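Here is the structure we will look at, set down as structure tokens.
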Amino acid sequence: MSQMFSTLPLLQAGQGQDGLMGMVPTIVMMVAIFAVFYFLLIRPQRKKQKELKEMLDALKKGDKVQTIGGIRGTIVGVKEKTVVIKVDDNTKLEFARDAVQTVVKKSDEGEEETDS
């Protein structure tokens with residue numbers, strides 16, 4: 001029995017090294033899962049947000065746009081945080097820039113016509 005107790009500290013010391021070596025695959029797996037989440041979820045979302053911000057910053061008079069509520073119209077005025085959209089002959093609505101979902105058609109200002 002005394003031999004069993006004398007080898008117990010040796011077994012525990014060996015298990016400490018095995019435990020450390022057993023954690024390496026777990027750590028590698030956690031890093032791999034984070035990488036998958038980054039490339040499949042985080043990175044595409046950031047890219048989409050960046051493109052939306054660039055689109056909102058580039059809004060100008062004459063652009064045909066659609067709001068998040070589905071209202072389509074032409075921008076007749078651009079302010080710092082809002083845009084004025086003409087939806088009918090005598091109807092103009094003011095929206096926050098963030099309410100613009102897509103630019104349906106860019107204004108023709110600054111674009112050169114090419115004959116094909």
Side-chain angles (χ1 to χ4, degrees):
M1 185 126 163
S2 64
Q3 287 181 339
M4 188 168 72
F5 288 119
S6 65
T7 58
L8 189 61
L10 294 175
L11 291 175
Q12 290 175 348
Q15 287 176 353
Q17 289 178 348
D18 290 340
L20 182 61
M21 295 304 290
M23 287 183 63
V24 171
T26 305
I27 293 171
V28 170
M29 183 63 76
M30 291 176 71
V31 169
I33 289 172
F34 179 77
V36 167
F37 272 105
Y38 178 77
F39 286 108
L40 291 180
L41 298 174
I42 298 170
R43 189 169 177 242
Q45 184 65 28
R46 283 187 181 173
K47 184 178 177 183
K48 189 175 182 179
Q49 286 176 340
K50 182 180 176 184
E51 289 172 355
L52 180 65
K53 184 181 181 314
E54 289 173 356
M55 186 264 307
L56 292 176
D57 289 343
L59 291 176
K60 61 183 179 279
K61 189 175 179 180
D63 288 348
K64 294 185 186 301
V65 297
Q66 179 174 340
T67 67
I68 57 176
I71 298 173
R72 289 183 176 214
T74 305
I75 296 177
V76 293
V78 179
K79 299 178 184 175
E80 184 178 337
K81 295 189 180 210
T82 62
V83 292
V84 178
I85 299 175
K86 181 178 179 182
V87 293
D88 199 15
D89 291 334
N90 297 324
T91 308
K92 295 178 185 174
L93 301 171
E94 187 170 357
F95 289 96
R97 276 185 182 245
D98 295 339
V100 175
Q101 182 180 20
T102 58
V103 175
V104 178
K105 183 179 176 188
K106 289 278 192 186
S107 67
D108 292 334
E109 294 177 351
E111 293 182 10
E112 297 179 12
E113 293 184 31
T114 58
D115 295 336
S116 297

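All values derive from a computational prediction rather than experimental measurement. FYI, side chains are in, hydrogens and waters are out, and symmetry mates aren't considered; it's all heavy atoms of this structure.
Shown here are the side chain to side chain donor-acceptor pair (under 3.5 Å) partners of Q66, two or more places apart in sequence or in another chain: R72. Qualifying salt bridge (Lys or Arg N to Asp or Glu O under 4.0 Å) partners for D57, counting only residues two or more places apart in sequence or in other chains: K53.
Considering CG of L52 and CD of E54, their distance stands at 10.0 Å, rounded to 0.5 Å. Interatomic distance, CG of L56 versus CD of Q101, reported as 11.0 Å (0.5 Å rounding).
V100 is not connected to V104 by any chain of hydrophobic side-chain contacts under 4.5 Å among Ile, Leu, Val, Met, Phe, Trp and Tyr, and they are in different clusters. Linking ILVMFWY residues whenever their side-chain heavy atoms come closer than 4.5 Å, directly or via other members, places I75 and L93 in the same cluster. Cluster annotation: V76 and L59 are assigned to distinct hydrophobic clusters (Ile/Leu/Val/Met/Phe/Trp/Tyr, side-chain heavy-atom contacts under 4.5 Å, transitive). Hydrophobic clustering (side-chain heavy atoms under 4.5 Å, transitive across Ile, Leu, Val, Met, Phe, Trp, Tyr) groups M29 together with L41.
For V103 against M55, the heavy-atom pair with the smallest separation is CG2-SD, 3.4 Å. Scanning all heavy atoms of the two residues, the minimum distance from K86 to D89 falls at CE-O, 3.5 Å.
Counting heavy atoms from C-beta outward, I85 and I71 have side chains that stay 4.5 Å or more apart.
Listed by first then second residue, pairs satisfying salt bridge (Lys or Arg N to Asp or Glu O under 4.0 Å) with a partner in residues 91-101 read K79-E94, not counting sequence neighbours.
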